[in-house]
Amino acid sequence: FNELSALDVTKNTALIYLDCIKNELSALDVSNNTALRRLRCFENQLSALDVSNNTVLTTLYCSRNQLSADVLNRIFTDLPDRSGMETGKISIEDNPGTDTCDRSKAKNWKFLQ
């Protein structure tokens, strides 16, 4: 809730939880945050989000951004496979690609409203 337009967490490699909700972020680099378990970045201006290095992620709230169906599909593909573990939680509503993305690509993730 700080109207941030930029946030650099690349040197915070031990970061476990990141809540940067309701800001004005157009980019967010979490590629170095390999310990990240919960990412809540909803209500920003993100048009891309790379979670491919976030292999222990259990919660991702990225609603109300500018994520296309292609970007959301890539996120689903890159999310860690939660099969055989506690179901992951993801929220993607109110993105341009929400209605046309392929939710089946997310492996054992529950979509929240």
Side-chain angles (χ1 to χ4, degrees):
F1 300 98
N2 295 305
E3 299 179 7
L4 298 174
S5 59
L7 179 62
D8 183 357
V9 293
T10 57
K11 292 187 175 27
N12 303 91
T13 57
L15 192 65
I16 296 172
Y17 302 120
L18 176 57
D19 290 345
C20 53
I21 60 176
K22 294 188 179 185
N23 283 288
E24 298 172 8
L25 301 175
S26 58
L28 182 61
D29 182 357
V30 291
S31 60
N32 289 341
N33 308 108
T34 57
L36 197 61
R37 297 185 53 75
R38 181 178 76 181
L39 174 57
R40 297 186 341 143
C41 56
F42 59 89
E43 290 191 39
N44 279 286
Q45 299 298 316
L46 301 175
S47 59
L49 184 61
D50 181 355
V51 294
S52 60
N53 290 339
N54 306 112
T55 59
V56 295
L57 201 62
T58 62
T59 305
L60 175 59
Y61 293 177
C62 57
S63 300
R64 298 184 187 108
N65 278 287
Q66 299 300 315
L67 304 174
S68 68
D70 287 341
V71 171
L72 289 170
N73 289 339
R74 184 64 190 177
I75 289 170
F76 303 154
T77 300
D78 289 343
L79 285 171
D81 186 348
R82 304 284 311 155
S83 299
M85 295 182 272
E86 180 182 342
T87 303
K89 297 175 189 163
I90 185 169
S91 176
I92 62 164
E93 72 270 3
D94 296 328
N95 278 293
T98 298
D99 294 334
T100 56
C101 63
D102 182 0
R103 296 170 189 238
S104 70
K105 293 178 180 275
K107 301 154 287 283
N108 201 30
W109 285 77
K110 179 181 179 182
F111 287 86
L112 307 174
Q113 298 293 340

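Keep in mind it's a predicted model, so treat the numbers as computed, not measured.
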Are the side chain of [X] and the backbone of [Y] linked by a donor-acceptor contact shorter than 3.5 Å?
X: N54; Y: N33; value: yes
X: N53; Y: S31; value: yes
X: D78; Y: V51; value: no
X: K22; Y: E3; value: no
X: N2; Y: L4; value: no
X: N95; Y: N65; value: yes

Test log, rule side-chain hydrogen bond (donor to acceptor under 3.5 Å, both in side chains), inputs T10 and D8
CA-CA 6 Å; T10 57; D8 183 357; 2.6 Å; yes

Can we say R74 and D50 salt-bridge, meaning some charged N sits less than 4.0 Å from an Asp/Glu carboxylate O?
no

Assess whether atom NZ of K110 is packed by more than 12 heavy atoms of other residues, nucleotides or ligands within 6.0 Å.
no

Check for me, please, whether L39 and F111 land in the same ILVMFWY cluster - side-chain distances under 4.5 Å, paths through other members count.
yes

Shared hydrophobic cluster for V9 and Y17 (ILVMFWY, side-chain gaps under 4.5 Å):
no

[X] [atom1] to [Y] [atom2] distance, which is reported to the nearest 0.5 Å:
X: L25; Y: C41; atom1: CG; atom2: SG; value: 8.5 Å
X: D70; Y: I75; atom1: CG; atom2: CD1; value: 11.0 Å
X: I90; Y: L72; atom1: CD1; atom2: CG; value: 7.5 Å
X: T58; Y: R37; atom1: OG1; atom2: CZ; value: 4.5 Å

For the pair C62 and L67, evaluate side chain to side chain contact (heavy atoms under 4.5 Å, CB included) and give the outcome as yes or no after the intermediate values.
CA-CA 9 Å; C62 57; L67 304 174; 3.9 Å; yes

Parallel, tilted or perpendicular, as decided by the 30° and 60° cut-offs, for the rings of Y61 and F42
tilted

Verify whether one side chain among E93 and S63 offers a donor that lies under 3.5 Å from an acceptor in the other.
yes

Option from L28, N23, I21 for which side chain to side chain contact (heavy atoms under 4.5 Å, CB included) with N44 holds
N23

